[in-house]
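For reference, the structure discussed in these notes is given below.
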Amino acid sequence: CGLQPVYSGGGSGPVAMALSDIAVAPIPDRAGFLVGNALRDRLGNPGETPRLRLEVELDDAITGFGIRGDNSIARERRTLRARYRVVQVATGAVLLDATAGSDAGIDRVSSDFAVVSAENSALDRLSVEVARQIAARIAEVARTGQLYPAAPK
Amino acid sequence: QTVSPPPVAPPLSGGMADVVQPGDVIDFSADEMTYADTDQIVTAKGDVRINRDGYSLRADTVEYNRRTGQVEARGNVVTIDPEGNQAFGDRVQLTESLRDGAIDNILLVLNDGGRLAAASATRVNGVSTLNRAVYSPCSVTGDEGNPREPLWCIKAARIVHDPARHRVSYKQARLEFLGVPILFLPNFSHPDGSAGRASGLLLPDIEYRRSLGLGVGLPYNISFGSDRDVTIKPWLYTGANPAVALQARRLFKAGPVQFDAFMTYANLTEFAADNTTELDRGDRFRGYFAAKGQFQHSSRWRSTFSVRLTTDDTFNRRYGLDYDDSLRSTYNLERFGSDSYLSIAAFAFQDLRRGSRGGETPIALPLIDYRWTPRETVFGGQISVEANALGLYRTDGQRIARGIASGRWDRSFLTNFGQRITATALLRGDLYDSANVDQATRPEYAGSGKIDGRILPLVALDAEWPFAGPLFGGTQTITPRVQLVGAGGGQNSGIPNEDARAVDLEDRTIFDLNRFPGYDRWEGGARVTYGAQYSFQRPRFALTTEIAQSMRLDERGDLFPGGTGLSGRLSDIVGRTTLKYGRLVALTHRYRLDKSSLSVRRNEIDLNVGSSRTYATLAYIRLNRDINTEDLADREEIRVGARAAFAKYWSVFGSTIIDLTSRGEDPTFGDDGFSPVRSRVGVAYEDECFRIGVTWRRDYIADRDFRRGDTYQLSVAFKNLGF
Amino acid sequence: QTSSLKNHDTDAPIDFDAARIEVRDKENQALLSGDVKIRQGNMTLDADSVKIFYSRPVRGDPSVRRLDAQGNVRLVSPSERATGRYGVYDVTEKQITLIGDVVLNQGQSQLRGQRLAIDLDSGRSTLDGASGTATPGKPAAGGRVSGRFVVPPRNPSK
């Protein structure tokens with residue numbers, strides 16, 4: 001049914017080359033540092049003059065639910081959402097404008113500090129997952145050649 | 001209003017600081033222009049347009065006396081100032097600057113849509129003073145353009161509009177709603193459209209609450225300049241003593257700070273241990289205090305703080321401030337390097353749950369978290385260093401101090417077949433010390449109480465092999481994934497467990513190197529984790545589903561507590577499915593199935609349908625984990641919410657939370673199977689200048705002196721007045 | 001500063017200078033062409049060609065009744081300068097009219113229109129956008145007048 005490996009050709013394949021031509025713009029806050037690291041890990045370090053720039057805006061929220069008999073909350077959910085754009089550095093043209101996001105559950109256990117620690121661990125995991133989704137989508141767009149509209153054939 | 005125009009005020013020339021310097025240029029255009037040389041008067045006729053340096057004027061005829069600098073315009077006069085405020089009039093006398101002068105029968109349209117009309121007005125240095133004037137931001141034309149009375153307006157003896165200070169101020173004003181005067185305001189002012197609060201009396205809040213009776217809040221805002229203001233809102237209740245809410249805001253150069261307080265001197269009823277006999281403590285000082293702020297010290301260093309305190313557990317819920325069951329106070333000093341991040345934080349909690357003893361609530365001081373990932377690679381791999389230090393205190397409970405450092409090396413490469421292989425090596429060192437172990441509330445987490453340390457090595461290999469291809473005009477992608485992990489023997493015994501108590505296997509955690517949250521518990525031993533993700537994407541449609549399971553290769557089945565999905569050799573099966581159709585439908589389903597019986601251990605479904613104005617949401621969760629180490633009883637809950645917008649300005653909204661936990665799942669829980677927790681219904685009208693909303697809410701669960709019962713809230717807002 | 005055209009002496013002698021002069025005595029007309037320069041008092045009128053109409057009383061020498069100027073007409077006086085495509089100096093009516101892309105410069109102020117009528121008695125000049133044969137005072141359709149006034153230096157003791 002027409003399935004081929006996304007990264008065929010390995011490190012020097014077209015998709016990998018496209019991905020390593022992207023510089024990740026700095027993203028604010030702790031979540032931004034974590035997502036930025038995870039993105040650089042998945043996209044590879046760009047050369048000196050990357051052709052494309054990836055801009056990411058993050059939205060991080062914690063909501064509570066599962067209300068117990070004494071009106072207290074039994075479980076929290078941390079949601080990390082990203083809106084990102086791939087921009088051609090030379091022309092400023094936006095080649096890809098999409099969203100990614102995921103969430104993780106946190107139980108309200110007997111130590112408030114354990115909840116804080118579980119929230120931080122959740123952020124670590126969600127940053128890696130959001131970076132994975134962004135990289136996978138960019139790889140998909142690169143595979144179908146849309147990251148090089150202006151590139152001479 | 002038909003008012004005979006009074007004689008025009010004498011033209012304001014001479015004496016006034018004429019802002020026009022010789023050499024300034026005035027551009028004219030007209031159908032015809034006559035220049036009488038004797039008295040140097042230029043008369044322009046026919047759709048005359050004049051503008052000078054941002055000020056412009058349009059009229060049927062204009063006489064410009066070049067000797068005195070006096071400009072008189074007659075017939076459909078419109079003057080526009082650089083900020084876009086338009087003034088219409090019959091006869092206007094202005095100076096050459098086109099800014100100052102007298103205007104007859106003026107209609108001033110502010111750039112935010114607000115309208116000021118008056119019999120006559122004078123403008124000096126750009127400040128318009130209108131006599132016997134009316135202000136209203138409401139539209140004066142119906143849907144088909146037919147003129148209609150504005151919904152509300154303010155009539156005043158005198159209104160002064162100062163575009164430079166962006167303020168509109170009133171003398172002897174009265175607020176008329178649908179033509180009926182409802183509020184007399186001696187003198188007050190509000191911003192002319194740019195965001196900001198009106199200083200002076202704001203609009204009252206009215207609410208009925210079963211435990212407090214009918215309550216009216218009268219906010220009064222005092223703004224000290226553009227960067228700080230104070231709002232005082234006394235509350236009067238029919239069923240309780242008065243209270244006062246206070247909010248102070250200040251924007252420093254480094255960042256904003258906000259202080260909130262809600263205080264009263266009122267009756268406090270506490271409950272004895274059996275939770276039924278009431279102990280009346282009489283009238284007491286009760287209050288809630290919160291301060292928060294953020295300071296950007298330099299391009300790299302930033303401080304954020306938030307302090308929240310209340311005098312007693314149920315005060316916030318009883319007075320409708322919030323539903324929180326634990327107030328968290330933090331201070332966080334962060335440094336953002338180009339490839340490093342440092343956070344030095346402190347945490348304190350005020351646990352409001354029944355039966356929680358203050359002394360047991362932990363205080364974390366400090367919690368230091370440092371991450372560094374240099375861009376340079378070592379043996380082709382990425383290095384990342386992590387350090388964590390914690391000092392945790394309890395006034396009467398266990399104290400813990402710990403220091404953790406870890407170095408990690410990751411190398412990922414792509415094979416020609418398109419597999420993405422990641423090799424990981426990690427070495428971590430911990431050092432723990434704790435005191436008052438005998439006072440630990442939960443002995444199973446206490447550890448040995450002596451200084452203890454451990455070295456934790458780990459190696460892992462992770463392989464993903466994504467395939468993609470076209471399908472139905474979109475693309476489908478399938479990504480199998482396998483991960484092998486080998487970690488040094490799990491030496492958790494003797495180490496206190498403070499931050500690794502919230503364990504729950506999820507699709508997000510199954511591929512972690514250590515599936516315990518936090519640091520205190522380490523998952524040793526060898527295991528393999530396997531899973532696959534499938535996604536199909538077309539324009540406006542996206543479906544993603546993933547599933548995973550892990551199996552322990554050694555005999556150690558007792559690392560994780562029962563019910564967490566990771567106990568035993570084989571883990572439960574976890575998965576997630578998300579489906580999006582344009583912006584209309586978004587479905588997310590997360591689940592955990594029991595490894596042997598495949599029965600549902602955790603089931604979370606979120607469904608959002610509709611647009612931003614009219615939508616329905618559903619959130620369902622079922623926990624059937626029978627976790628015995630924590631107070632995480634099984635439960636089942638559903639939340640439904642909906643909003644419908646209709647007739648252009650009206651909207652109805654409602655939401656309810658229903659606890660479906662049956663006695664089978666949680667023996668301590670009274671009702672069986674279907675008991676609403678909280679529901680809310682409201683209706684609101686909102687157009688460009690006015691908003692009114694009525695909300696009914698019912699709380700079905702009581703907690704000490706936060707009683708079951710209804711709450712009705714009326715909120716009214718006159719827009720553009722910054723109310 | 002008032003315009004120097006006010007009370008211009010229309011009886012002062014008019015002297016002509018042109019490349020060619022063709023006199024048509026029977027019709028009491030003279031046709032000057034080729035860089036024509038006409039001077040009267042402190043006012044000059046230049047044009048590519050000017051047709052002069054004069055009246056010949058029974059006795060005495062002829063007196064100029066009207067001058068029709070054509071082709072980049074330029075009227076210059078110490079206080080202003082005006083240009084147009086055609087110009088008519090009606091001496092007996094003491095009226096000068098310039099027609100066609102008229103530009104009137106006074107000091108640093110400048111006005112543009114289609115028709116400029118200067119009344120030499122009152123010093124009153126009317127500029128409008130009428131390009132057709134509009135009767136004075138009622139502008140024909142179309143034609144806008146645009147101008148740029150510079151604020152004159154005023155003595156502060158106003």
Side-chain angles (χ1 to χ4, degrees), chain B residues 10-53 55-73 94-100, chain C residues 1-8 77-80 82 96 102-132 134-158:
Chain B
L12 302 162
S13 61
M16 176 196 56
D18 194 339
V19 78
V20 176
Q21 289 82 16
D24 266 3
V25 165
I26 302 178
D27 283 322
F28 260 82
S29 93
D31 287 348
E32 183 195 309
M33 201 170 311
T34 311
Y35 179 70
D37 190 63
T38 46
D39 43 23
Q40 292 222 327
I41 289 188
V42 177
T43 311
K45 291 195 184 64
D47 189 12
V48 183
R49 290 170 193 278
I50 316 173
N51 62 62
R52 186 198 75 75
D53 183 19
Y55 287 90
S56 70
L57 179 141
R58 184 239 160 265
D60 293 345
T61 58
V62 170
E63 268 185 23
Y64 168 39
N65 181 325
R66 297 200 58 213
R67 206 160 19 78
T68 63
Q70 192 56 48
V71 174
E72 172 155 335
L94 292 172
T95 64
E96 263 167 334
S97 66
L98 304 183
R99 211 168 53 128
D100 307 329
Chain C
Q1 96 296 8
T2 58
S3 152
S4 57
L5 284 176
K6 187 163 175 312
N7 306 335
H8 170 73
S77 81
S79 65
E80 64 245 298
I96 298 181
V102 176
V103 177
L104 169 65
N105 288 306
Q106 258 183 356
Q108 292 152 312
S109 302
Q110 183 186 67
L111 297 176
R112 287 168 191 285
Q114 291 305 319
R115 207 162 65 89
L116 172 64
I118 303 175
D119 178 335
L120 295 175
D121 266 349
S122 70
R124 207 172 143 80
S125 52
T126 305
L127 179 71
D128 63 43
S131 51
T135 55
K138 195 190 82 40
R144 290 282 290 172
V145 178
S146 68
R148 167 181 296 258
F149 277 92
V150 174
V151 175
R154 253 181 232 105
N155 36 38
S157 62
K158 198 169 9 182

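Just so we're on the same page: letters track the sequence lines, and every chain starts at 1.
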Atom OG1 of B:Thr43 and atom CZ of C:Arg124: how far apart are they, to the nearest 0.5 Å? 6.5 Å

Contact summary for B:Glu32 and C:Val145, nearest pair of heavy atoms: CA-CG2, 4.0 Å

Could you pull out the closest heavy-atom pair between B:Thr34 and C:Thr126, with the gap in Å? CG2-OG1, 3.1 Å

Sort C:Leu104 into side chain, backbone, both or neither according to what part of it lies under 4.5 angstrom from a heavy atom of chain B. neither

Is the shortest side-chain heavy-atom distance between B:Met33 and C:Leu111 below 4.5 Å? yes

Residues in salt bridge (charged side-chain N to carboxylate O under 4.0 Å, His left out) with B:Arg58, at least two apart? B:Asp47, B:Asp60

Residue set satisfying salt bridge (charged side-chain N to carboxylate O under 4.0 Å, His left out) with B:Glu63, at least two apart, ordered chain then number -> B:Arg74

